[in-house]
Every structure is written in C-alpha cells, then in structure tokens.
Amino acid sequence: MREIKEELVQRLATLYPGDAASLCELSFEGPFQLAVATILSAQCTDRIVNSVTEALFGLFPDAKSLAGADLGRVETLIRPTGFYRNKAQNIVSFSRELVERYDGEVPDTIDRLVELSGVGRKTANVIVTVGFSKPGIAVDTHVIRLSGRLGLTEFTDPERIEMDLLGWLAPLDAAAFGLRLILHGRRVCSARKPKCEACPLGDICPSFSTL
DNA sequence: ATCCCGAGGG
DNA sequence: CCCTCTGGAT
C-alpha cells in the first residue's frame, strides 16, 4: 500500500507540476486577497470567483479599505458567487477583525485564522499553505471525494481525512498534493460522471470503472 | 441537520 | 429538471 501511495504522489506531480502557489487557480495579490478569494470560493467555481474579485480588489485591495466598504455595494459585486449575503458580511467582518486585531495583516496560523469571520479549517489551510508556504493540506469536497475513491482513507469527515493524509505525506508536499487532487477532480475524476476511461491513474485506483 | 443561494453542466 | 461547485455558521 505504501508503494501505491508513493506512486500516486509521483504521478500526480508529473501530471500537475508546480508548487502550491502555482497550482492554486485563484487570482490574488498577497495573503489578504487570497483569504477573501478563498472565502468567496465556497460552493462556487474558481472561474466565477476570479471574475468578481477583479472588480472587488480594484476597489478594495486590502483589509483597511474593505473594512470600510458599504455592505450593499459588496453584495452586488460578489453576487454571482452565490451565498452572497453571508459572504459579503463575512469578508467585511473579516477585514474589520484584521484591522482591529492585527493592524490589517493576515495571521499565518490555523488557530488564529479560524477565529476570524468566514474562515473555517479548509479556508485557513489554503491561506497558510498557499499564502505563507507553510505545511498543511486543505480538505475540500474534491479532496474528500478523491481520497475516498483512491482508497486513501476510510473516513468522510474532513478533519479526519486531513489527519489521515498528513500521517503519511511529507509535510511540505501535502499542500501541493491536495491541490493536485483538486485539479484532477475537476478535470478527470468529477463528482457526477468521472472519466475513468481517460484517467491516467486507472491502473492503481480501487474505484476504477466501478463508478 | 439545516440554511445560505447563484451559475453552469448533463 | 437535478446535481455540483475549492464551506461556514447556527
């Protein structure tokens, strides 16, 4: 089993080369914009997130400016991402909390990040790994689905899966591995109709053609 | 467990 | 029409 996992890590790295920062498809400049883009990415494609953040960050590029933004204005700007009332409230509150507690700077630890509005464990892990190049793995819907299909875990609880994966991945490889699972999940191993015929991992996947 | 909620694919 | 998209808060 260990060989299978190592083989999987190697093949994914070849299929989707690059480091965590380059594998993340969100458009942003700096940890603050990454954090906001990630909050907006909940239940939404990154393409739509990028289409709204261009205007959003043009008007409110940092925590201090977004902290003073009109809520209705923000709602209108991010509406296409869905859950727009919650998300608008969250990113404005998030910005105000950063200004009040950290002088507008984004903290770089999971514990501090999850205390902030709209930031759960998954989002915190994205900020820490992609924004600050620290060890960790963001377990989202894709990572959950592919981890199950590939036989990497028996669990469905995100935090449990996170611990399972961190248990055998090299710390500094974990983030990129997670992002590669996401890319593969989007392009090949989709939730609805996975393209097993065209999957380069078919020969080592326990779920090959059983989906 | 439930709500938030728009957009795109099949 | 139904399902899914880089979830989080209650």
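All values below come from the heavy atoms of this structure, side chains included, with hydrogens, waters and symmetry mates left out. Quick note on labels: first sequence line is chain A, next is B, and so on, each numbered from 1.
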Quiz item: Could you walk me through whether A/C189 and A/R149 pass the side-chain contact (heavy atoms from CB on, under 4.5 Å) check?
Solution: CA-CA 9 Å; A/C189 193; A/R149 288 180 177 174; 3.1 Å; yes
Quiz prompt | B/dG10 to C/dT6 separation - P atoms, rounded to the nearest Å | solution = 14 Å
Not counting sequence neighbours, which residues clear salt bridge (Lys or Arg N to Asp or Glu O under 4.0 Å) with [X]? List them please.
X: A/R187; answer: A/E25
X: A/D103; answer: A/K64
X: A/R121; answer: A/E162

Quiz prompt | N/O donor-acceptor pair under 3.5 Å between A/Q33 side chain and A/E29 backbone | solution = yes
Self-check item: Outermost nucleotides of DNA chain B that come under 4.0 Å of a non-hydrogen atom of chain A
Solution: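 Going 5' to 3' along DNA chain B, contacts run B/dC4 to B/dG9.
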Quiz item: When the ring planes of A/F177 and A/W168 are compared, do they come out parallel, tilted or perpendicular, using 30° and 60° as the limits?
Solution: perpendicular
Quiz item: Does a side-chain N-to-carboxylate-O contact under 4.0 Å join A/R11 and A/E7?
Solution: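 Salt bridge between A/R11 and A/E7, a charged N being under 4.0 Å from a carboxylate O: yes.
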Quiz item: Taking only residues two or more places apart in sequence, or in another chain, which ones meet A/Y84 in a ring-ring contact (aromatic ring centres under 6.0 Å, His included)?
Solution: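 In terms of ring-ring contact (aromatic ring centres under 6.0 Å, His included), with neighbours along the sequence ignored, A/Y84 is linked to no residue.
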Practice problem: Encode nucleotides 3-10 of chain C as B, S and - characters from 5' to 3', where the letter depends on protein heavy atoms closer than 4.0 Å: B to the base, S only to sugar-phosphate, - to neither. | Solution: BSBBBSS-
